[in-house]
Undergrad: 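Structure below; questions to follow.
Hydrogens, waters and symmetry mates play no part in the numbers below; they use all other heavy atoms, side chains included. Treat the numbers as computed from the prediction; the structure is a model and nothing was measured.
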Amino acid sequence: MVTLDRLKNSLRIDGTADDDMLQGYLTAAQSYIKNAIGTDVKEFYTSDSVSSLYDVAVMALASSYYNVRSSLVSTTTISVNLPVNSIIGQLRGLYAKQEEGLNGESN
């Protein structure tokens, strides 16, 4: 599970001034990733084969939210987060397999 302290450590942040904002980014990242993959299989995100991938995606996305929170130039920047997209793709495949197993479906 990604905690605020773990996120701050990865971003090399020592102070507490941005804690509320970082917690918001952390919550938003968790919600985004779960909504992109699925939420029907509750134990999916805590299973050993998934939890580390999920945590990396959450940390990468929350870090991206923090690092790209404002632009220093007058042009619009659009962040493409390839690591997060890659992990979401992997997790979608694992989720589909687990969901199939729970529903007793087979090909």
Side-chain angles (χ1 to χ4, degrees):
M1 176 179 188
V2 180
T3 62
L4 178 61
D5 287 336
R6 193 168 162 203
L7 177 61
K8 286 173 64 173
N9 186 45
S10 75
L11 290 166
R12 309 283 194 263
I13 297 173
D14 293 326
T16 60
D18 290 340
D19 281 5
D20 289 340
M21 178 174 42
L22 287 168
Q23 186 60 58
Y25 291 153
L26 188 57
T27 301
Q30 291 166 335
S31 178
Y32 177 89
I33 292 166
K34 285 183 177 179
N35 287 330
I37 297 164
T39 58
D40 292 337
V41 183
K42 301 297 181 198
E43 65 279 356
F44 176 75
Y45 297 97
T46 57
S47 67
D48 291 338
S49 61
V50 170
S51 63
S52 59
L53 272 177
Y54 172 71
D55 288 354
V56 168
V58 168
M59 288 195 34
L61 188 56
S63 295
S64 178
Y65 288 159
Y66 181 76
N67 288 324
V68 189
R69 66 188 179 277
S70 65
S71 178
L72 299 176
V73 294
S74 60
T75 59
T76 303
T77 59
I78 300 171
S79 173
V80 176
N81 202 322
L82 296 177
V84 173
N85 290 341
S86 173
I87 293 171
I88 285 174
Q90 293 175 51
L91 290 173
R92 280 183 179 161
L94 292 171
Y95 185 87
K97 284 182 183 179
Q98 189 166 350
E99 194 172 40
E100 264 182 27
L102 290 175
N103 294 332
E105 296 173 12
S106 62
N107 290 333

Undergrad: Among all residues two or more places apart in sequence or in another chain, which pass the salt bridge (Lys or Arg N to Asp or Glu O under 4.0 Å) test with R6?
TA: D55

Undergrad: According to ring pair (Phe, Tyr, Trp, His ring centres under 6.0 Å), who are the partners of Y45, at least two apart in sequence or on a separate chain?
TA: Y54

Undergrad: Once rounded to the nearest 0.5 Å, what's the spacing between atom OG of S49 and atom CD of Q98?
TA: 7.0 Å

Undergrad: Suppose we screen for salt bridge (Lys or Arg N to Asp or Glu O under 4.0 Å). Which residues come up paired with D19, at least two apart in sequence or across chains?
TA: K8

Undergrad: With sequence neighbours left out, what residues match T39 under side chain to side chain donor-acceptor pair (under 3.5 Å)?
TA: none

Undergrad: Carefully, step by step, assess I88 and Y32 under the rule side-chain contact (heavy atoms from CB on, under 4.5 Å).
TA: CA-CA 10 Å; I88 285 174; Y32 177 89; 3.9 Å; yes

Undergrad: Side chain to side chain donor-acceptor pair (under 3.5 Å) with N9: which residues, sequence neighbours excluded?
TA: none

Undergrad: What pairs with S10 under side chain to side chain contact (heavy atoms under 4.5 Å, CB included), at least two apart in sequence or on another chain?
TA: L7, M59, S63

Undergrad: Not counting sequence neighbours, list each pair that qualifies as a salt bridge (Lys or Arg N to Asp or Glu O under 4.0 Å) and has a residue in residues 56-65.
TA: none

Undergrad: For F44, give me all partners under ring pair (Phe, Tyr, Trp, His ring centres under 6.0 Å), at least two apart in sequence or on another chain.
TA: Y95

Undergrad: Once side chain to side chain contact (heavy atoms under 4.5 Å, CB included) is applied, do any residues pair with T27, and if so which ones, sequence neighbours excluded?
TA: Q23

Undergrad: Does anything in residues 21-30 form a salt bridge (Lys or Arg N to Asp or Glu O under 4.0 Å)? List the pairs, not counting sequence neighbours.
TA: none

Undergrad: Near N35 CG, under 6.0 Å, is it more than 12 heavy atoms from other residues, nucleotides or ligands?
TA: yes

Undergrad: Out of the candidates L26, L22, L61, only one should pair with Y66 under the side-chain contact (heavy atoms from CB on, under 4.5 Å) rule; please name it.
TA: L22

Undergrad: How far does CG of L94 sit from CD1 of I87, to the nearest 0.5 angstrom?
TA: 11.5 Å

Undergrad: Going by side chain to side chain donor-acceptor pair (under 3.5 Å), name the residues that satisfy it together with Y65, two or more places apart in sequence or in a different chain.
TA: none

Undergrad: Side chain to side chain donor-acceptor pair (under 3.5 Å) with D48: which residues, sequence neighbours excluded?
TA: none

